[in-house]
Amino acid sequence: MRTLAPFGRRRVQVVRAEDVGAYRVLHAADLDGPLPAAGQFYMLAAAAGWGAGEDERPHLPRAFSFLRAAGGELSFMLEDVGPGTHRLAGLVAGDELWITGPLGAGFRPPDGGRRALLAGGGVGIPPLAAWARELGGRPQALLGFRDREHAAGAALMEEAQVAVATDDGSVGHRGLVTELLAAELARDAHAVVYACGPPRMLEAVRALCGERGVPAQLALEAAMACGFGACYGCVVALRDGGYARICVDGPVLDAGRLEAVPAH
Amino acid sequence: MRTLAPFGRRRVQVVRAEDVGAYRVLHAADLDGPLPAAGQFYMLAAAAGWGAGEDERPHLPRAFSFLRAAGGELSFMLEDVGPGTHRLAGLVAGDELWITGPLGAGFRPPDGGRRALLAGGGVGIPPLAAWARELGGRPQALLGFRDREHAAGAALMEEAQVAVATDDGSVGHRGLVTELLAAELARDAHAVVYACGPPRMLEAVRALCGERGVPAQLALEAAMACGFGACYGCVVALRDGGYARICVDGPVLDAGRLEAVPAH
Amino acid sequence: MVDFCGLRLEHPIVNGSGTFDAIAARRAFGDALLVDFPFSAFVSKTITLQPRAGNPPPRLWEAPAGMINSIGLPNRGLAGYLEHDLPQLARLPVPLITNVMGSTQDEVARLVEAVDARPEIAAIELNVSCPNVRTGLDIGADPQSLGSLVRAIRPLARKPLIVKLTPNTADVAAVAAAAEREGADAVSLVNTLRALALTPATGRPWLGGGTGGLSGPAIRHVALAQVAAVARRVSIPVVGMGGVTQPRHALELMAAGATLVAIGTENFRDPRAGKRIATGLKSLQIAKRPSTSMNTSEPRPEVDANCANS
Amino acid sequence: MVDFCGLRLEHPIVNGSGTFDAIAARRAFGDALLVDFPFSAFVSKTITLQPRAGNPPPRLWEAPAGMINSIGLPNRGLAGYLEHDLPQLARLPVPLITNVMGSTQDEVARLVEAVDARPEIAAIELNVSCPNVRTGLDIGADPQSLGSLVRAIRPLARKPLIVKLTPNTADVAAVAAAAEREGADAVSLVNTLRALALTPATGRPWLGGGTGGLSGPAIRHVALAQVAAVARRVSIPVVGMGGVTQPRHALELMAAGATLVAIGTENFRDPRAGKRIATGLKSLQIAKRPSTSMNTSEPRPEVDANCANS
Ligand SMILES: Cc1cc2nc3c(=O)[nH]c(=O)nc-3n(C[C@H](O)[C@H](O)[C@H](O)COP(=O)(O)OP(=O)(O)OC[C@H]3O[C@@H](n4cnc5c(N)ncnc54)[C@H](O)[C@@H]3O)c2cc1C
Ligand SMILES: Cc1cc2nc3c(=O)[nH]c(=O)nc-3n(C[C@H](O)[C@H](O)[C@H](O)COP(=O)(O)OP(=O)(O)OC[C@H]3O[C@@H](n4cnc5c(N)ncnc54)[C@H](O)[C@@H]3O)c2cc1C
Ligand SMILES: Cc1cc2nc3c(=O)[nH]c(=O)nc-3n(C[C@H](O)[C@H](O)[C@H](O)COP(=O)(O)O)c2cc1C
Ligand SMILES: Cc1cc2nc3c(=O)[nH]c(=O)nc-3n(C[C@H](O)[C@H](O)[C@H](O)COP(=O)(O)O)c2cc1C
Ligand code: FES
Ligand code: FES
């Protein structure tokens, strides 16, 4: 599922920005941009003030999955983890962004009458939320978070039935989302698992689905310089040897193609 | 006239900022900073967003004469001519600045019963305005500007009797400030000329005072990396050979020490 | 139109090898890429005799005003390139320059011969920023060894031969002169500066490949110095690159003596950077022609070798 | 306390030669400078045998994440230094390291002898980033010529002799090894990278000196690569510098093998940077000791010379 991007970056305006728990949600006006497919991403850079963060960074744009795309408005959800996300998290209505996208290949629908089972957490929510909307029928989504503040991000998964797990038990199940996933698969393993989240969580999902023989599509992350296959920087090692570029061959890859989800 | 600077840069807050004609005036709270002497300057850098301008500049702080210093408040007047002044001109109340200073040596009072005659223009106003205040008795100040919008800056010379010249004649005398200066000196040459302004204007003042044998003190400018004598980058050639560092030997130098005021 | 080694190019802006993958870009942007192709010639990523998977990740580090890469020259190898990539690259609307690298003279010879035989390819760029197996230094770091390499392979190519120099050397102009003497038709520079990034938590190298190469605005003025030094020494055309993000940076490289200017890292920030810069350059050239005409009769910047540090 | 060639230093942070003028700083900041002196040893600006006025302005160009300087080594000359500067520098609360440069072996010899004779001076730093009159290359660019220079002057100095290497070379580790072999007590690096800035309007060199030297964060990762390469090759102490603005940058240079870290361009942005970085470094070292201990028995970053550009 790949929507082609207009060639080149374009300058768009932030029309709204709000905090949702530990996260920042940016809404940008992308009136003539195409409709992206769930799991695709955009390269973002603030039009002003890019490059003035710690260590004179960021220089390169940053990759973000879209959370929602409708009525000429693109929404992103991000967490401030470094100079790029910090700068983007500081943007307010009226500020401008450079965006390139949609990029990469998104999720593929379940086959063989399997049900869609979404699993993830943290900033893995956007592709899953977009996919739930695209699939329709309120699929089951299992989301893991650090704590209550982060769990607030679950509210962004509007069009799914959400079960939450938190490390500290402050919301929902105390423990890992993979525990919820194991239970769900025990109940009914005729599913395709769609997952996005922190590397360790994705690796656990990959391993679990591997054991259970359940097909899984993982939306992967890696540091990216370009997002369109130019730099060969964003690779992940494949089980059959060699590497795939996450930005053009992914970000969504079949779990079966990976030996493991790398830590970074 | 040199007030020592506290060792190191300090972080201060912009308490007010307004436009005056073509110029931006910044007021910063420098509660425990010492009282500077007229003609001294500070090295300024925005605490945030420094380095994100064109060509990933500015990296270094920028030198600015103080316009006013009273009640723990420091005021600067600047014109947006490049990435550093552009960033500073965008600061508003609440934003923070790194400042180091006061630096350099300021003006020395007239001797031999000569009267003080101030001449300059553009962003040369701050040291002259500070000097007029320090001298008291509303000395005569001759100021040159490009046009009406810039001439509005003359309002910042509160404690002097101001005569204005503009290139386009939109305000005051049509022509150069040196024409006003020549007339003043013809009337009464028993003066010390204190000048600050664009290089070409300063050079004309130097030449005029040289011919007339009138002592002049020029507040010079140069690109500076440090402002405290560390880099040897800010030099001006001396008549007797060698160079002076404008930041520690100046910025105020006797016109007689120079062969000419360099274009940059 | 710009003449470069007999190639007639629409404008002076090309891409740096390995900084734009036209095949992948076509997958991302579709035919819009061809309609609005950003470069006047396309330089393909370095190919080697055998296929290479490239270095283990991480391959990228973001540096002040630039980036460090340790990609490791992943490529399908000569045969794979000719079979899979070339047919697609041949469909690009601009001439194709194929960049090759070998770690032995024999490897380079076989690459050059095979590439020279293909009509779809307009010119050959020889990447000599690879460590000599004996010395560990880049082959391109030493005038002698580079000279003998060029002497050996020059007869094998009828197509224009561009030697891409390494900046990791004491006297790049001497290396360029050796390439010219042995028959290179042009030189291109700069390649990336050797750099190291350490993992914040451990102090161990961040990049899977150990060291990497620094590129982007951080190296712009180093590139300008090397291009000026080379252009004053040789009379063959120079392809200048290093940190170009704006049309005026291209104009400066040309003022320093470059005939063509290549865009590298900036492609990552702006996929259409080549077109943007080519367009802006044209207006600048009209505005500034006197001071920056490419007419080589006009004096190149005097860059006397005074103490660099002073 | 840090031991460096027998000098007991309060902490590992010193200044880069020519980036802090303690005499001028005293005029600007008064005795506060001495109370809170930012460096554990003071490195004075390069002095030459004869006085030098320095290069004509402009001497500065601001570059992406750094700056280019072409100061031209202004100094009072040996006699003037000993008479005017030394008495004032001797009053600093830290050991004094005097940096010297000559364009001939004889000049260097006379400088080293005279400096070595002064008890106020704790160590000598030899700046070899000056062009060899014959080749035009930096004397420090070539292991042979540097080796013979060090061999000739080493016997003239009883004080610790630090050789300050130039980064404008193909193999800085080989140069460092030559210095060590001929008896240098330590090496310091990096000096500035040769760079060029052109006047926007004219395309002519901006700097009065023609070319200049690039410093600041832009060169940080190039410096880190060179320091790591040198530290793995030699066993004498290394003074690392290049683009340090934060304590963690100093820690990284130490993880790469530096015993001392020098602050250069950052002094211009923050006159107290040395103290700020020394203090921050101490907390980092307590926090991170395992991974970044300066114990040389622990493995230095593996920086295999793979293709820099890849
Ligand atoms: C396809 C895709 C989709 C994504 N979607 C989202 C999303 O929807 N929401 C979201 O919040 N995030 C998303 N991300 C992650 C996001 O791109 C990163 O969090 C972001 O790039 C971090 O940039 P930064 O400058 O804030 O932090 P950085 O410091 O650049 O990155 C943080 C990590 O990078 C490493 N690092 C530290 N310094 C450097 C350096 N100098 N150079 C290179 N690496 C360094 C460290 O491992 C550090 O933990 C996505 C990533 C990809 C690839
Ligand atoms: C003692 C002193 C007092 C001053 N007082 C005032 C004051 O009160 N108000 C005020 O407005 N200004 C004042 N100035 C001038 C002010 O410091 C400069 O205008 C400012 O530094 C410009 O910085 P910028 O980044 O805005 O523009 P820059 O682009 O840094 O400077 C503009 C000029 O610098 C040159 N230049 C262009 N690019 C570069 C580059 N990459 N590197 C180096 N030079 C370059 C060009 O000549 C250009 O015209 C003072 C200067 C000094 C020395
Ligand atoms: C990610 C990346 C990959 C590169 N791959 C190659 C390559 O395969 N062959 C080559 O000759 N140069 C390669 N280069 C060097 C560039 O072609 C160019 O010389 C260098 O990046 C300097 O230009 P810039 O500062 O505009 O990026 C690569 C550079 C980058 C950043
Ligand atoms: C303005 C300036 C002047 C310098 N003068 C000297 C000098 O006289 N002698 C010397 O050995 N190095 C000199 N250097 C080089 C510095 O000591 C240091 O090696 C270099 O700047 C890299 O460190 P940095 O990136 O922290 O500035 C100078 C550097 C600058 C920026
Ligand atoms: S990010 Fe550049 S190839 Fe994937
Ligand atoms: S600005 Fe550094 S010496 Fe004057």
Side-chain angles (χ1 to χ4, degrees), chain B residues 2-11 34 40-41 43-45 50-62 82-84 98-105 222-238 240-249 262-264, chain D residues 15 18-38 45 51-75 199 206-208 215-218 245 264-276:
Chain B
R2 183 195 297 271
T3 299
L4 294 179
F7 180 47
R9 65 179 178 184
R10 52 198 188 272
R11 201 173 170 122
Q40 286 193 293
F41 67 96
M43 297 300 285
L44 268 58
W50 208 241
E54 76 172 20
D55 291 353
E56 298 73 34
R57 297 170 56 216
H59 179 64
L60 301 161
R62 297 295 193 252
W98 286 113
I99 69 169
T100 304
L103 297 166
M224 293 185 171
C226 70
F228 60 96
C231 75
Y232 284 76
C234 62
V235 296
V236 58
L238 299 178
D240 308 339
Y243 298 101
R245 280 171 290 180
I246 288 175
C247 69
V248 280
D249 303 323
H264 59 54
Chain D
N15 64 296
T19 66
F20 199 95
D21 179 336
I23 296 170
R26 184 101 187 266
R27 287 169 66 194
F29 303 114
D31 290 346
L33 172 71
L34 306 184
V35 176
D36 197 20
F37 199 73
K45 187 162 175 59
R52 288 171 60 108
N55 291 335
R59 292 177 171 186
L60 303 174
W61 179 262
E62 191 177 53
M67 60 179 281
I68 305 173
N69 83 85
S70 178
I71 307 299
L73 300 179
N75 75 99
T199 308
W206 171 265
L207 297 166
S215 63
T245 69
T265 300
E266 185 66 2
N267 294 319
F268 305 154
R269 307 203 314 166
D270 176 4
R272 245 180 114 269
K275 202 45 164 299
R276 167 173 58 84

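Chain letters run A, B, ... following the sequence lines, proteins first, then strands; residues in each count from 1. Note that this is a predicted model, so its numbers are computed, not measured.
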Inset, instruction - Could you tell me whether a side-chain N or O of B/Gln40 sits under 3.5 Å from a main-chain N or O of B/Gly101, the two making a donor and an acceptor? - result: no

Inset, instruction - Check whether B/Tyr243 gets within reach of chain D through its side chain, its backbone, both or neither, counting any heavy atom under 4.5 Å. - result: side chain

Legend entry - Proximal component of B/Leu103, with respect to chain D [non-hydrogen, under 4.5 Å]: side chain

Legend entry - Partner residues of D/Trp61 under the side-chain hydrogen bond (donor to acceptor under 3.5 Å, both in side chains) criterion, sequence neighbours left out: C/His221

Legend entry - Pairs of heavy atoms under 4.5 Å with chain B: top-ranked of D/Pro57, D/Ala22, D/Ala63: D/Pro57

Inset, instruction - Could you check which of D/Ala65, D/Pro51, D/Ala25, D/Gly264 has the highest count of heavy-atom pairs closer than 4.5 Å to chain B? - result: D/Ala65

Legend entry - Heavy-atom pairs under 4.5 Å with chain D, option from B/Ala225, B/Pro61, B/Gly229, B/Cys247 with the top count: B/Ala225

Legend entry - Backbone N/O of D/Asn267 and side chain of D/Arg269: donor-acceptor pair under 3.5 Å: no

Inset, instruction - Please determine if B/Asp249 and D/Arg27 form a salt bridge, counting it only when a charged side-chain N lies under 4.0 Å from a carboxylate O. - result: yes

Inset, instruction - Go through the atoms of B/Ala45 and report whether side chain, backbone, both or neither lie under 4.5 Å from a heavy atom of chain D. - result: neither

Inset, instruction - Name the member of D/Gly66, D/Ala32, D/Gly54 that forms the most heavy-atom pairs with chain B at distances under 4.5 Å. - result: D/Gly66

Inset, instruction - Would you please say whether a donor-acceptor pair under 3.5 Å links the side chains of D/Asp21 and B/Tyr232? - result: yes

Inset, instruction - Quick one: list whatever passes side-chain hydrogen bond (donor to acceptor under 3.5 Å, both in side chains) with D/Arg59, sequence neighbours left out. - result: none

Legend entry - Residue part contacting chain D, namely of B/Arg62, when any heavy atom lies under 4.5 Å: side chain

Legend entry - Heavy-atom pair count under 4.5 Å with chain B, highest-scoring of D/Ala273, D/Ala218, D/Pro217: D/Pro217

Inset, instruction - Check for a donor-acceptor pair, side chain of B/Arg245 on one end and backbone N or O of B/Ala230 on the other, with a separation under 3.5 Å. - result: no

Legend entry - Residue among B/Pro58, B/Pro262, B/Ala237, B/Gly242 with most heavy-atom pairs under 4.5 Å to chain D: B/Pro58

